[in-house]
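Shown next, in structure tokens, is the structure this report addresses.
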Number of protein chains: 2
Amino acid sequence: MAPSQPAAVRRATRPRDANETKERLLDAAERLFAERGFEGTSLRALTQEAGTSVSAANYHFGSKEELLRATLLRRVGPMNARRLERLDALERRAAGAPLPLEAILEAYLRPLFEEQEMRSHARFVAARLYSDPPELVSTLKQELFGEVSRRFLDALGRVFPERTRAELGLRFQFSVGSMVHVMSGNLQDAPHLEEPEVQREAAGELLSDASVLRELVAFLAAGLRAPLAATP
Amino acid sequence: MAPSQPAAVRRATRPRDANETKERLLDAAERLFAERGFEGTSLRALTQEAGTSVSAANYHFGSKEELLRATLLRRVGPMNARRLERLDALERRAAGAPLPLEAILEAYLRPLFEEQEMRSHARFVAARLYSDPPELVSTLKQELFGEVSRRFLDALGRVFPERTRAELGLRFQFSVGSMVHVMSGNLQDAPHLEEPEVQREAAGELLSDASVLRELVAFLAAGLRAPLAATP
DNA sequence: GTCTATATGTTGATAGAC
DNA sequence: GTCTATCAACATATAGAC
């Protein structure tokens, strides 16, 4: 049995729906880039996960690098749009008055916790922006986050009119750091979770999305409000 | 001149000092793993940077993975020792009383900013711990940071006796996130630095090591002190 | 649009001379 | 202890059949 088939029979080259293939490639890329990083993920492993071939990926995206780009663009764009929607809504309602600091932070953070598609994977991908090869993502960062950062810094500037933009920017970066760390999944292997009795308690409610978001907002708001450290 | 030498002459196989070679390999690994990550750095590029050969690296460390391990161990060990020294000194002087929160944070953070050898490279490497392949570094993380985290959480627990360890651990992770973000060099391409006039002002004093440390301590102390967010 | 087959380069690791 | 030479395995990307 199983003789070498005549060349003509090979296999029906079924032209699957192009968009579906693209989506499946993006899904696989998102998952694997998140888990293993860009360099740590081979196009072969990625396309196998997606149920296609290397050449299909290159047909659709041209190169591995462009695939990363597309992967990030698919999530970050909509996510930042939601952030700006929330900020816009707040500003409309406030009519010129400075916004409550907690509300600004929530507008920035909640979209990360909220959308189902975001939840499972894109957080990780967003985190990758801060650890993958800079020459790959640093222009993307500017491109993708330039407007959103400017808008939120403006809002913060109205809350703290006495601070310079540099001072605000530094605190903003501290905040982004906490956020990225959380999104990267570092809460799971936190040092205090070694002790098993604590593990149960913590896993229960405190580490739920809603709770982490609340705690993070409270933490960052207090940090941002802290008076500038005096130059000694 | 320069005829093809007889085989016997080839080149004097100069047995350089073994320790020096090892050090140079560690230096190169530190620099390149920091810049491009583990998977992004080839053993060839690394050994060329170190002025040796791939086989020398494998002779000394056995594998690329072990080289990463050694690279991290060289810096993180002494760094955490300095942290504990500082914490010990504080606790000796306090004689049982709770420590000032800012002092605890400084004991934890200052060693990152202080040692000359740390300054240029190891920060980056430490940051890598939070983005390189988890199966590679997550046990190392426990190994290297278990004790230090426990000790500092204990100290924080005495400052906030009313909080559970899980609550403290969560805030501690937020703090670690800010720290890692700063150490990863993300202050340099912060969003507000686009505007050129600000660039100069910021680069001047605010982004100096001493200033960033001060600001970070103030920020985190306030964040840690913030009352726990109420469960809605 | 998708495949198989292949071109071309690079990887980590090793063998063996010196 | 260090080198050169070489290995098999893997990488990304492309050509061409269907």
Side-chain angles (χ1 to χ4, degrees), chain A residues 2-29 32-33 35-71 132-133 135-136, chain B residues 4-29 32-33 35-71 132-133 135-136:
Chain A
S4 71
Q5 311 163 327
V9 183
R10 275 206 174 192
R11 175 154 44 85
T13 154
R14 59 209 154 106
R16 286 186 281 194
D17 181 70
N19 248 335
E20 191 203 308
T21 300
K22 261 178 108 157
E23 284 297 314
R24 277 214 316 280
L25 279 167
L26 287 170
D27 289 342
L32 294 181
F33 287 158
E35 272 173 27
R36 317 180 193 170
F38 180 72
E39 327 259 13
T41 304
S42 78
L43 219 38
R44 303 179 114 77
L46 196 158
T47 51
Q48 188 168 359
E49 172 97 6
T52 11
S53 66
V54 176
S55 29
N58 278 319
Y59 170 80
H60 284 294
F61 298 99
S63 74
K64 190 189 179 187
E65 207 165 306
E66 276 302 312
L67 175 55
L68 171 63
R69 217 184 128 78
T71 306
D132 267 339
E135 68 278 11
L136 246 175
Chain B
S4 72
Q5 309 162 328
V9 185
R10 270 205 174 191
R11 175 153 42 84
T13 155
R14 56 209 155 104
R16 286 185 281 192
D17 181 69
N19 248 334
E20 192 202 308
T21 300
K22 260 177 112 158
E23 285 295 315
R24 279 214 315 280
L25 279 167
L26 288 170
D27 289 342
L32 294 182
F33 287 158
E35 273 174 26
R36 316 180 194 169
F38 180 71
E39 325 260 12
T41 304
S42 78
L43 219 37
R44 302 178 116 79
L46 196 158
T47 52
Q48 188 168 358
E49 172 98 6
T52 9
S53 63
V54 175
S55 30
N58 278 319
Y59 171 79
H60 284 294
F61 297 98
S63 73
K64 190 188 179 187
E65 208 165 303
E66 276 303 311
L67 176 54
L68 171 63
R69 218 184 127 78
T71 305
D132 267 339
E135 68 279 11
L136 245 175

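Throughout, a chain's letter reflects where its sequence line sits, starting with A, and its residues are numbered from 1. Here the structure is a predicted model, which is why all the values come from computation and not from measurement.
- Checking D:dA13, D:dG1, D:dT6 against every side-chain atom of B:R44, the shortest atom distance belongs to D:dT6.
- Put simply, CD on B:E66 is 13 Å from P on C:dT14, counting in whole angstrom units.
- The nucleotide whose nearest atom lies closest to any side-chain atom of A:T21 is, among C:dA13, C:dT2, D:dA13, C:dT2.
- In this structure, the nucleotide among D:dC3, D:dG1, C:dA13 sitting nearest to the side chain of B:H60 is D:dG1.
- If you measure from atom CZ of A:R36 to atom P of D:dC10, you get 13 Å, rounded to the nearest angstrom.
- Atom C1' of nucleotide C:dG1 and atom CG of A:L25 are separated by 12 Å, given to the nearest angstrom.
- Put simply, the side chain of B:S55 and the base of D:dT4 share a donor and an acceptor less than 3.5 Å apart.
- Phosphate proximity of D:dT2 to B:Y59: absent, as no side-chain N or O sits under 4.0 Å from OP1 or OP2.
- Side-chain proximity of B:S53 to the nucleotides C:dG12, D:dT4, D:dG1 is greatest for D:dT4.
- At whole-Å resolution of the value, CG in A:L46 and C1' in D:dA13 are 15 Å apart.
- Picking from C:dA13, D:dT14, C:dT2 the nucleotide with the shortest atom distance to the side chain of A:N58 gives D:dT14.
- Put simply, the side chain of B:R24 reaches to within 4.5 Å of the side chain of B:E20, judged on heavy atoms.
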